[in-house]
Amino acid sequence: MEEEQINNILNKLEGSSVVASAVNTTNDFNSNDRFFFCDAKTQSELNELIGENKPKLVVLVGFAGYGKSTFVGSLYQQLISNHSYNNYCFVDSDTYVGFERRVFLRRINNSNVSDTKRNVLGENDVLNIKLRSNKGEMQHVIISDKAGETYSRYISSDNDVSNDMVINNADIILFFIDAELLCGSLANYNLISEKYKNILKRFIALGKLKETASYILVFTKIDKLNGEDYKMKLTTRRDNLSIVFKDIIGSGPDDIYEVNSKKIEDVRLNELFCKVLDPNRSSIYSREIDWVKNDIETLI
Amino acid sequence: MGNDDLMCAINAHLFIPLDGKIIERLQNNVMQLLLEADINMVEDCTYSFFMNVVSPDFRNSFDMNYQKLYKDSLFLPDIVYVILEIFFVRKCIEADDISANVRRKYSCVVRNFAVLLKGRWSNLKCSDWVIGMYKYSNVDIDKSKHTGTPSQSFLNSILPYDNWDDTGLDISNINIFRQIHDLCIVATKNHFNNFINSFAFSKYSSPFVRVYMLFCKMMNNYDWKYLSIEPPKIIISTMGKASTEKKKFRRIVDIIRNELNSDDLYKPTMKSSVLLRKIFSNYHCGIEECMFSVLEFGIYLYYELLLESYND
Amino acid sequence: MAGLPASGKSTYITALWAVEKDGKSGHLLTCDGLPSESSYIDEMSESWMLFKAVRRTTYAEPVEISLQMKTYKDNQCITLSLPDFKGEIFQGILFNSVPDSIKEWSKRSNGIIYMLQLGNDSPEFFQEQVSHPNESISTLEKVAMNLNHISPVIQNVLLLKYLCVVMPNIPIAICFSSWDKIDNSAKLTIEEWVKRNHPCLFNFVKEHFSTCRFYGISAQGTDYENLNESQEDELAIKTTEKKRAFIYTDKVSYDITEPLNFLIQE
């Protein structure tokens, strides 16, 4: 039985690759096109990541180039580089290589390679982080970081949205918006707004947005906005976009962040990281479970 | 309890729900395990459930049985096994073919292990199920059968005489037996009240020690099971204001172990006697930093001793 | 002995053999007689004696080295089996390719000496730009990740993760090789050094291995590059005095059997 359990764990960690052709029988470990131990998982493997408690699920939504993977790479960098972060120690992940890919992507992004040339193989979207608090409690967070192209498909397809298994399970959704693009031409702003309207309407129509899910708007690349004009534009367009979200979802965002994901010291960025990592609020429990207290109160 | 109950309980803790067919198989598998159920299994599963871990014995039995039943193996996240553990315990308690005594014991196991979650109640899964299992702990005394007070005429038919033959009463008569039974209840109550009233309070300085000794001696010496004891009332009546005094559990254990001789310490046999075991052997139980009032401490102790007495 | 390529596994075994084979070191463990066949380790030992890098292990199957040792404390005799795997075998684990030899050894092992070569904190993996002077960007049709793109510390964490799954509850000695090259001017203990420079590795190990110790190890004693004659002579003297190879915990010790002794005691 013990051997079976060990094999189950290893199978879980070895995972599967979206790209079946990535299986390679060569022994050249430096060649490309191989898939790794502890790579990112697919959404069909979500249940396998559950241990003795259901993890917190954070979903990053945003179109290509909006900064989701850079955000994840920076979060990972903070966790790797610090013994303790936000009163937690990063002690494990079943998807280390998934995170390493995001860091790798961040480096590739900086070489100004166009989208078509930075196509990374085998990019599954589910990542997990296991943290141990200073008080010894375990906190487990799953992050869904899908490729932006996926959300572009969601704009136009009910079928693709229906197959999504993470949005309706999310405890917190981060909607990413490229602030540089947003504050560009009016046409760009209108396009961003239109894209989000369409995708949100599909989410709502297909019952994908959980009532209890919290959502946050994250405006990235604010370092690219130089000058007061741009900053004013950001304020106006940010507020307008928030209203778009509020009108469709039915409630405003829980918070709005403007961040530079590459600047690790950014205060607001770190606040957002803490929000991602903090445990869900404890659920309310029935009084009767504490039967002794109940006995005493009955007596009184 | 249908599949729906188990399905809701399990799927609430998963991202991708298990389908009805799998749930049905899981339920059937648990029902098969009931055939081997005993107090040890119930204790093992209850403990593991409250500690939010999977018992290796339960996992092995479950997996082997599933394999035998369905010629198939299933990968399940640990959280599902944890829920199946308490589902198994609940099924044990609700089984039709067990005696009231066994049902009471199982229920006491659940009550007693619940102390492990003191201060962390929101961590508990399936709390409705757990609450539903508490109610079977109490001793049922059918008061309509035994008033607890023998009639004066019965007393008058015994008192003047020195031996049974002279009374002319027929011992095989059910009414006579009931009167004698009532007499015993009155005498037991009397003894018990004398015991409570005369309990040597001044001997022990700490109210925690006093309540510990009170219940240990009570359990050893009196047929209190038949008296419909309400532990909180006893504690309040004997301890008064001291019943609200609070301390951390590790401090309570130190006080009791320092003040009493090792011979005075109750030696528990049940794994679910968490407090008694800690006091007796000072093992690590995980609730050392929890605060207990004398009243709370006493109530937990009472139920642990109750189960110990059921198991004698 | 586990570790990625060039982590120092063979060099450690070589130094161990060279120092302890005469059985007169007075160290916690020392050899009790010669094995019947020692050509493999003798050959490596020659390189070590002549200040040449021990050649990389190339055999697909591990070379099984078995040494009779005795403890200093109570003269207890122990048979030490140290399979010398080539690092590429362990590296294969990162690609979900686990040969039977690893599975076999993992069932039989009583302890792990895990070797790794990580210097002081090197954040270049998180630098925003990694230069590729020989690649023109326009020729990058498709960029795929390979092992070189995974940070060395994480490669080691992955391997340790595998080991803690297949060998649960096993004692482990984690040894940072080439300790002679490490800048520890702050005189941190080895644990403090690991915590400061490789916090991710530190946290992972502390979480998953209940019986674990860290060591810094210099099996060579020094970097062999550009040694002049007098430096070589000095090193030769140290070799004779058994003060060449050393370990570091909170101080330097020339008893490189300490990690083995730790595992045996556990």
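- There is no contact between A:Leu49 and chain B, counting heavy-atom distances below 4.5 Å.
- Looking only at atom types and distance, the side chain of A:Tyr76 has a donor-acceptor partner in the side chain of A:Glu100 under 3.5 Å away.
- For the set A:Ile289, A:Asn53, A:Val292, the count of heavy-atom pairs under 4.5 angstrom toward chain B peaks at A:Ile289.
- Judged as a side-chain contact (heavy atoms from CB on, under 4.5 Å), and not counting sequence neighbours, the contacts of B:Met41 are B:Glu36, B:Asp38, B:Phe88.
- Side-chain atoms of A:Lys146 and A:Gln43 include a donor-acceptor pair closer than 3.5 Å.
- For chain A, no part of B:Leu76 is nearby; none of its heavy atoms comes within less than 4.5 Å.
- Ring pair A:Phe175/A:Tyr215: centre-to-centre distance below 6.0 Å.
- The side-chain contact (heavy atoms from CB on, under 4.5 Å) check on A:Asn47 picks up A:Ile50, B:Leu14, B:Phe15, B:Ile16, B:Pro77, with sequence neighbours excluded.
- Looking only at heavy-atom pairs under 4.5 Å with chain A, the residue among B:Val130, B:Val53, B:Ile235 that has the most is B:Val53.
- No part of B:Lys118 comes within reach of chain A, as not one of its non-hydrogen atoms sits under 4.5 angstrom from that chain.
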